[in-house]
2 protein chains.
Amino acid sequence: MSRPPTAPPTLEDVARVAGVSRATVSRVVNGTRNVDHKIQEVVRAAIDKTGYAPNRAARSLVTKRAGTIALVVSGAGDPGEEDAFAARVFADPFFGRVASGVLGFLRTRNVHPVLMVADTERAREDVMGFLRQGSADGALLVSTHAEDPLPARLVEAELPAVLFARPARPVPISYVDLDHQAGAKLAADRLVGAGRTQVATVTGPLDVPASQDRLTGFRDAMARHGFPYVPIAEGGFTSASGEAATERLLAEHPGIDGLFAANDLMAQGALLVLQKHGRRVPEDVAVVGFDDSNPALVCRPRLTTVRQPVEDMAAEMARLLLTHVDQPGLPPKSVIFDPALVVRESG
Amino acid sequence: MSRPPTAPPTLEDVARVAGVSRATVSRVVNGTRNVDHKIQEVVRAAIDKTGYAPNRAARSLVTKRAGTIALVVSGAGDPGEEDAFAARVFADPFFGRVASGVLGFLRTRNVHPVLMVADTERAREDVMGFLRQGSADGALLVSTHAEDPLPARLVEAELPAVLFARPARPVPISYVDLDHQAGAKLAADRLVGAGRTQVATVTGPLDVPASQDRLTGFRDAMARHGFPYVPIAEGGFTSASGEAATERLLAEHPGIDGLFAANDLMAQGALLVLQKHGRRVPEDVAVVGFDDSNPALVCRPRLTTVRQPVEDMAAEMARLLLTHVDQPGLPPKSVIFDPALVVRESG
DNA sequence: CTGAAAGCGCTAACAG
DNA sequence: CTGTTAGCGCTTTCAG
């Protein structure tokens with residue numbers, strides 16, 4: 001009764017109640033073997049009685065493990081528009097899927113993700129500081145633009161990190177990715193398989209490797225089908241940009257009968273524009289999206305799309321990071337996932 | 001050169017380089033006044049030179065502040081379907097907006113949010129443990145169902161916490177919320193102002209206070225306009241549930257010419273069904289949504305909707321939490337935001 | 001205004 | 001198998 005009742009119980013308190021030493025209590029708390037069964041029970045009772053919960057700061061201080069990782073979304077962030085970046089990013093169902101996958105993997109492992117956005121130099125320094133402070137044991141990075149300096153800084157600082165998607169500039173760092181070219185091929189095959197002969201594509205931002213790969217893969221596959229030229233319009237992975245791109249495409253190539261959009265959001269925008277111009281989907285023009293995210297199910301007609309197993313990829317990313325945390329110095333590794341075609345009504 | 005170059009520099013290292021004591025370095029790092037200007041500069045130089053970053057665990061151990069808060073999404077989670085809950089939740093644009101608002105507020109305050117989902121008893125205990133461990137200084141709670149036991153446990157444990165939305169069961173805890181009734185009234189006024197006389201509503205899950213309040217507010221406003229009876233169909237805040245509810249409504253009340261959906265996702269579903277049944281929107285039936293989230297902009301026609309300033313509310317939630325963390329024992333407080341009607345094409 | 005010293009709560013050798 | 005003993009890196013009285 002000497003300490004105020006508000007102070008949380010410590011190992012010492014439990015030890016006193018159980019009549020053993022701190023070390024013993026620590027052993028049973030941490031599940032170390034080598035503790036007599038009877039004593040274990042006594043200790044456990046004492047823990048219950050005191051309501052003890054180990055103090056994570058104290059533990060971290062000695063184990064040098066935070067038990068948290070940083071989940072960072074990094075991107076351009078127009079100066080003065082910082083919050084807008086976060087808003088845009090979190091409005092994209094893609095990030096929800098990443099978060100969901102990461103959480104699903106981490107939840108049983110007693111590691112927790114700290115959400116961070118790195119859209120300005122200041123924010124990037126925050127992220128680096130956070131990691132160097134040991135506040136997180138490593139970083140999961142989802143980059144939305146090509147010139148992101150974070151991957152390079154992370155490897156330079158020798159901080160454990162895993163990216164979602166191959167970095168635009170080559171950097172020796174682990175990442176998970178999709179075989180985008182194979183995915184685009186799936187779309188091309190579907191479109192020409194359905195008899196489409198005037199096929200165009202709405203690409204993602206072309207400084208992003210994934211966009212490049214989807215375009216390349218699509219073109220290659222079309223070429224192999226005997227179509228040497230594919231009209232393209234560049235979008236920005238948003239619904240609005242998909243609309244704009246489709247308008248341009250339609251203006252220059254009114255005869256198109258097939259469309260591949262590099263993600264579902266843009267495909268959704270394309271659908272809107274197509275309908276506005278009186279084109280029936282899929283009768284007049286078939287459209288295939290990419291991702292298989294929520295919008296694909298909500299729009300009408302429902303989207304035929306190339307599925308990217310984002311949750312699985314995110315989980316793998318977390319798994320990889322944890323191995324890097326446990327085994328510093330492990331060489332970078334990449335894990336590539338296979339896409340799958342999901343056929344619905346649009347194409 | 002005695003320690004391995006991999007070990008991060010400590011206060012001690014900086015002190016040695018600067019030729020001062022640890023305490024002095026600590027003072028300049030923490031911006032305490034009372035330090036000679038010249039010495040400050042020397043110390044700062046030493047910090048730069050060594051690349052020092054304060055160890056957060058060590059700091060937390062003594063300050064009893066984690067510098068992080070928990071951002072927890074809590075909900076039902078069908079047994080065996082844990083991950084599905086997270087997936088569903090993160091697919092909802094609403095949560096992205098919450099995250100965005102929280103991050104926007106926290107980013108300049110050197111506090112970071114840890115993402116957690118509490119959909120099972122085990123997960124709830126994790127959350128409680130996390131907080132009691134001092135891993136986070138408090139919790140921001142977004143609850144998706146009425147029977148959530150977390151709010152009560154949080155107050156019982158005297159842990160700083162703020163909810164998004166008033167809890168279903170009365171609990172002395174801080175929260176931010178919207179004046180849902182006022183929002184619903186905005187929708188009713190709009191609909192009857194546009195001459196609609198057969199108005200129905202798709203509600204949210206009726207065990208959730210927000211759904212209740214929107215329904216009550218809507219009914220009251222309609223009654224004041226002279227319409228004593230409003231057909232309703234209950235939905236679950238998802239697009240699919242909105243479709244189903246609208247189907248039911250149309251089957252029983254084919255003559256409706258106005259529809260209020262308790263969120264945009266359901267309104268989006270309603271649009272689909274209405275169009276499928278050949279009803280033009282807004283000519284044949286006007287529809288008004290709620291939230292003003294992303295789907296409202298993407299669907300066609302674009303949704304007239306009641307705006308909920310989610311980002312601002314989330315920011316306020318974070319602000320409130322921080323005051324509770326700084327001043328334990330402060331009485332619970334509620335902050336209620338005003339809705340606004342956003343007129344677009346649907347109604 | 002600065003330094004010395006005492007811990008914060010925990011884990012990890014190291015003895016016994 | 002259990003207890004003793006050092007710290008982990010930092011903040012914070014308390015002297016000077």
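Lettering follows sequence order; numbering is per chain, from 1.
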### Over 12 non-hydrogen atoms of neighbours within 6.0 angstrom of CD in A/E41
no
### Task
Would you kindly give the CG-to-P distance between A/L61 and C/dT11, to the nearest whole Å?
11 Å
### Query
Counting side-chain heavy atoms from CB outward, which of D/dG9, C/dT11, C/dA5 is closest to B/R22?
C/dA5
Could you go over nucleotides 13-16 of chain D and give all protein N or O partners under 3.5 Å, atom names and distances?
none

### Query
Does A/R122 have any salt bridge (charged side-chain N to carboxylate O under 4.0 Å, His left out) partners at least two apart in sequence or in another chain, and if so, which?
A/D126
### Query
Rounded to whole angstrom units, what separation is found between the CG atom of A/D36 and the P atom of D/dT2?
5 Å
### Query
Can you tell which of D/dT2, C/dT2, C/dG9 lies closest to the side chain of B/T24?
C/dT2
### Query
With B/S21, which residues qualify under side chain to side chain donor-acceptor pair (under 3.5 Å), at least two apart?
B/T24
### Query
Whole-Å distance between D/dC10 P and B/R56 CZ?
13 Å
### Residues B/R88, B/D119: salt bridge by 4.0 Å N-O rule
no
### Query
Atom CD of B/E12 and atom P of D/dC10: how far apart are they, to the nearest Å?
10 Å
### Query
Taking only residues two or more places apart in sequence or in another chain, which ones pass side chain to side chain contact (heavy atoms under 4.5 Å, CB included) with A/V155?
A/V171, A/P172, A/I173
### Query
Is the backbone N or O of B/V176 less than 3.5 Å from a side-chain atom of B/E316, with the two atoms forming a donor-acceptor pair by type?
no
### Message
Holding to side chain to side chain donor-acceptor pair (under 3.5 Å), I want the full list of residues that pass it with B/S100, two or more places apart in sequence or in another chain.
### Response
none
### Per B/S26 side chain, nearest of listed nucleotides D/dT11, C/dT2, D/dG3
D/dT11
### Task
Using the side chain to side chain donor-acceptor pair (under 3.5 Å) rule, collect all pairs that involve residues 53-69 of chain B, keeping only residues at least two apart or in two chains.
A/S135-B/R56, B/N30-B/R59
### Message
Counting only side-chain heavy atoms from C-beta out, which of D/dG7, C/dG3, C/dT2 sits nearest to A/V62?
### Response
D/dG7
### Query
In residues 127-137 of chain A, which ones come under 4.0 Å of DNA chain D, going by heavy atoms?
none
### Task
Identify, between A/L11 and B/I39, the residue whose nearest nucleotide on DNA chain C lies closer to the 5' end.
B/I39
### Message
Nearest whole Å is fine: how far is C/dC8 C1' from B/N55 CG?
### Response
13 Å
### Query
To the nearest 10 degrees, what angle separates the axes at the start and end of the helix from C/dC1-D/dG16 to C/dG16-D/dC1, five pairs each?
40°
### Message
How many whole angstroms separate atom CZ of A/R16 from atom P of C/dC10?
### Response
12 Å
### Task
Quick one: list whatever passes side chain to side chain donor-acceptor pair (under 3.5 Å) with A/D148, sequence neighbours left out.
A/S74, A/S143
### Task
Rounded off to whole Å, could you give me the CZ-to-C1' distance for the B/R65 and C/dC8 pair?
15 Å
#### Entry: Within residues 321-331 of chain B or reaching into it, pairs that qualify as side chain to side chain donor-acceptor pair (under 3.5 Å) - sequence neighbours excluded
B/S174-B/H324
### Query
How long is the line joining CZ of A/R59 and P of C/dC8, in whole Å?
18 Å
### Query
Between C/dT2, C/dC10, D/dG3, which nucleotide gets closest to the side-chain atoms of A/T10?
C/dC10
### Message
Quick check for you: among C/dG9, C/dC1, D/dG9, whose closest atom lies nearest to any side-chain atom of B/K64?
### Response
C/dG9
### Message
Please classify the nucleic acid contact of A/V20 as base, sugar-phosphate, or nothing, using heavy-atom distances under 4.0 Å.
### Response
sugar-phosphate
### Query
C/dT11 phosphate, OP1 or OP2: any side-chain N/O from A/N30 under 4.0 angstrom?
yes
## Note on the structure
For residues 121-166 of chain A, the ring pair (Phe, Tyr, Trp, His ring centres under 6.0 Å) pairs (sequence neighbours left out) are A/F94-A/F164, A/F130-B/H112
### Sequence-distant partners of B/R132, side chain to side chain donor-acceptor pair (under 3.5 Å), two or more places apart
none
